[in-house]
Amino acid sequence: MGFVKTRDGNEIHYKDWGRGQPVLFIHGWPLNADAWDDQMMAVADAGYRGIAHDRRGHGRSSQPWEGYDFDTFADDLNDLIDALGLWDVVLVAHSMGGGELARYIGRHGTSRVSKAVLLSAIPPLMMRTPDNPEGVPPEVFDDIKDGILAERSQYWRDASAPFFGANRPGTKATQGNQDAFWFMAMQESVKAGVDCVTAFAETDFHEDLRAFDVPTLIVHGDDDQIVPIDATGRKAAQIIPNATFKVYEGSSHGIALVPGDKERFIADLLEFMAI
């Protein structure tokens with residue numbers, strides 16, 4: 001556990017467990033590195049080195065007023081990889097973190113990357129446009145920002161249900177899942193929360209995905225109420241050369257935390273890394 005200083009003077013908090021080939025986990029919005037604890041434990045137990053960081057504005061990292069865009073996030077990730085001297089790294093990213101991973105490869109290449117994993121990830125484009133009719137309507141993102149600004153604590157409580165599919169019959173999501181989501185969300189700055197909505201709604205990652213030249217695993221639930229699979233996971237699987245695409249039937253956005261999905265993803269991740 002420690003901090004890395006970025007090129008613009010901010011501090012990025014990270015956790016570092018185990019020894020071996022590095023596996024760097026990139027969290028979704030509005031979470032932080034703690035969302036990956038189960039996966040970190042699993043890879044460290046399996047003989048790998050698990051690393052996870054808090055994106056700027058989230059968790060224990062600095063909360064600057066500016067820099068909540070994917071070029072900056074990718075450069076922060078590059079600063080972390082460089083400071084820790086990581087090579088042959090497996091990058092694993094959830095949700096908004098998938099945009100960070102994609103933009104990192106688009107800006108910095110794959111010379112230090114061996115494999116990539118996109119879990120319920122936002123690329124290639126989240127927002128509905130004439131060329132992306134499967135995307136999320138723009139007014140949905142406006143409502144998210146309004147909810148954060150109006151009363152963010154209640155907004156995060158309400159948002160936790162669709163995030164984990166807790167509003168579905170027969171859900172395996174727990175109250176603990178929802179409480180953990182709220183706790184992590186409340187550690188994110190309001191400015192980061194609002195600015196990140198604009199960033200993950202509007203950023204186009206098509207060209208970044210075309211730059212992937214490492215083995216890539218894409219995992220997405222077909223009942224993801226936050227990042228619709230038809231606009232994201234299915235399209236990313238068509239763009240990234242030779243990607244492996246796994247659809248979890250009936251699964252929510254919170255695959256990494258929901259009982260059952262969590263264990264399945266860990267098994268798929270370890271199998272992919274061993275290939």
Side-chain angles (χ1 to χ4, degrees), residues 23 25-43 52 90-102 115-126 134-136 140 144 156-182 184-185 200 205 209 215-240 243-273:
V23 186
F25 294 92
I26 308 166
H27 67 81
W29 174 94
L31 308 177
N32 58 52
D34 295 347
W36 289 116
D37 275 10
D38 293 305
Q39 290 75 27
M40 290 268 288
M41 183 82 170
V43 300
V90 179
L91 296 179
V92 183
H94 173 242
S95 191
M96 177 181 171
E100 188 173 325
L101 189 163
K115 294 179 181 180
V117 179
L118 296 172
L119 174 64
S120 309
I122 64 171
L125 178 62
M126 273 277 283
E134 302 85 1
V136 178
V140 172
I144 294 171
W156 293 129
R157 292 231 179 262
D158 295 341
S160 67
F163 190 97
F164 294 109
N167 55 350
R168 298 300 203 213
T171 180
K172 294 182 180 179
T174 65
Q175 187 62 51
N177 290 151
Q178 295 181 254
D179 291 347
F181 175 92
W182 176 86
M184 285 184 270
F200 68 65
F205 299 100
L209 296 183
T216 302
L217 172 65
I218 301 171
V219 175
H220 216 113
D222 66 2
D223 192 33
D224 190 326
Q225 300 172 65
I226 308 300
V227 178
I229 187 174
D230 288 339
T232 55
R234 295 194 195 280
K235 291 185 178 181
Q238 294 173 349
I239 297 170
I240 297 173
T244 299
F245 183 38
K246 294 195 174 189
V247 178
Y248 287 15
E249 293 184 0
S251 295
S252 70
H253 190 59
I255 285 172
L257 290 167
V258 172
D261 286 337
K262 173 179 65 177
E263 290 79 10
R264 180 181 178 184
F265 175 65
I266 287 172
D268 284 340
L269 173 63
L270 291 174
E271 180 182 15
F272 176 68
M273 292 194 317

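When reading the values below, keep in mind they use all heavy atoms of this one structure, side chains included, and skip hydrogens, waters and symmetry mates. All residue numbers in this chain count up from 1 along the given sequence.
- Ring pair Trp36/Phe265 is tilted by interplanar angle, where 30° to 60° counts as tilted.
- When all heavy atoms of Gly99 and Ile122 are compared, the pair lying nearest together is N-CG1, 3.9 Å.
- The side-chain heavy atoms of Val258 and Tyr248, taken from C-beta on, include no pair separated by under 4.5 Å.
- Atom-to-atom distance recorded for Ser251:OG and Lys172:NZ is 8.5 Å, nearest 0.5 angstrom.
- In this pair, Phe181 and Trp156 present their aromatic rings perpendicular. The plane angle is above 60°, beyond the 30 to 60° band.
- Contact of the Arg264 side chain with the Val219 side chain is not registered, since no non-hydrogen atoms from C-beta on lie closer than 4.5 Å.
- Atoms CG and CG, on Leu101 and Leu209 in that order, are 9.5 Å from each other to the nearest 0.5 Å.
- The distance from atom CZ of Phe205 to atom CE of Met126, rounded to the nearest 0.5 Å, is 10.0 Å.
- Using a 4.5 Å cut-off on side-chain heavy atoms (C-beta onward), Val92 and Val43 make no contact.
- Under the rule for a side-chain contact (heavy atoms from CB on, under 4.5 Å), the partners of Val140 that lie at least two apart in sequence or sit in another chain are Val136, Pro137, Ile144.
- Using a cutoff of 4.0 Å between basic side-chain nitrogens and carboxylate oxygens, Glu134 and Lys235 are scored as salt-bridged.
- Of all heavy-atom pairs between Leu119 and Ala256, the closest is CD2-CB, 3.9 Å.
- Across all non-hydrogen atoms, the minimal contact from Ala42 to Ile266 is CB-CG2, 3.5 Å.
- Residues His27 and Met184 have side chains not in contact (no heavy-atom distance under 4.5 Å, counting atoms from C-beta outward).
- Between Ala102 and Pro123, the shortest heavy-atom contact is CB-CG, 4.2 Å.
- When atom types are taken as modelled, the side chain of Asp222 and the backbone of Gly250 share a donor-acceptor pair closer than 3.5 angstrom.
- The CH2 atom of Trp29 sits 8.5 Å away from atom CD1 of Ile226, with the distance rounded to the nearest 0.5 Å.
- Smallest separation of non-hydrogen atoms from Met273 and Val23: SD-CG2, 3.6 Å.
- Using modelled atom types, one side-chain atom of Asn177 and one backbone atom of Leu257 make a donor-acceptor pair closer than 3.5 Å.
- Between Ala166 and Gln178, the shortest heavy-atom distance links the atoms CB-OE1, 3.5 Å.
- No side-chain heavy atom of Phe245 sits under 4.5 Å from any side-chain heavy atom of Gln238.
- Of the possible polar contacts, one joining the Thr171 side chain to the Gly165 backbone as a donor-acceptor pair under 3.5 Å is found.
- For the atom pair CD1 of Ile26 and CG of Leu31, the computed distance is 13.5 Å after rounding to the nearest 0.5 Å.
- More than 12 heavy atoms of other residues, nucleotides or ligands lie within 6.0 Å of CD in Gln175, so this atom counts as buried by the packing criterion.
- Residues satisfying the side-chain contact (heavy atoms from CB on, under 4.5 Å) criterion with Lys115, sequence neighbours excluded, are Val90, Pro215, Phe272, Ile275.
- A distance-only check finds no donor-acceptor pair linking the side chain of His94 to the backbone of Ile255 [under 3.5 Å].
- Here the NZ-CG distance, from Lys262 to Asp38, works out to 4.0 Å after rounding to the nearest 0.5 Å.
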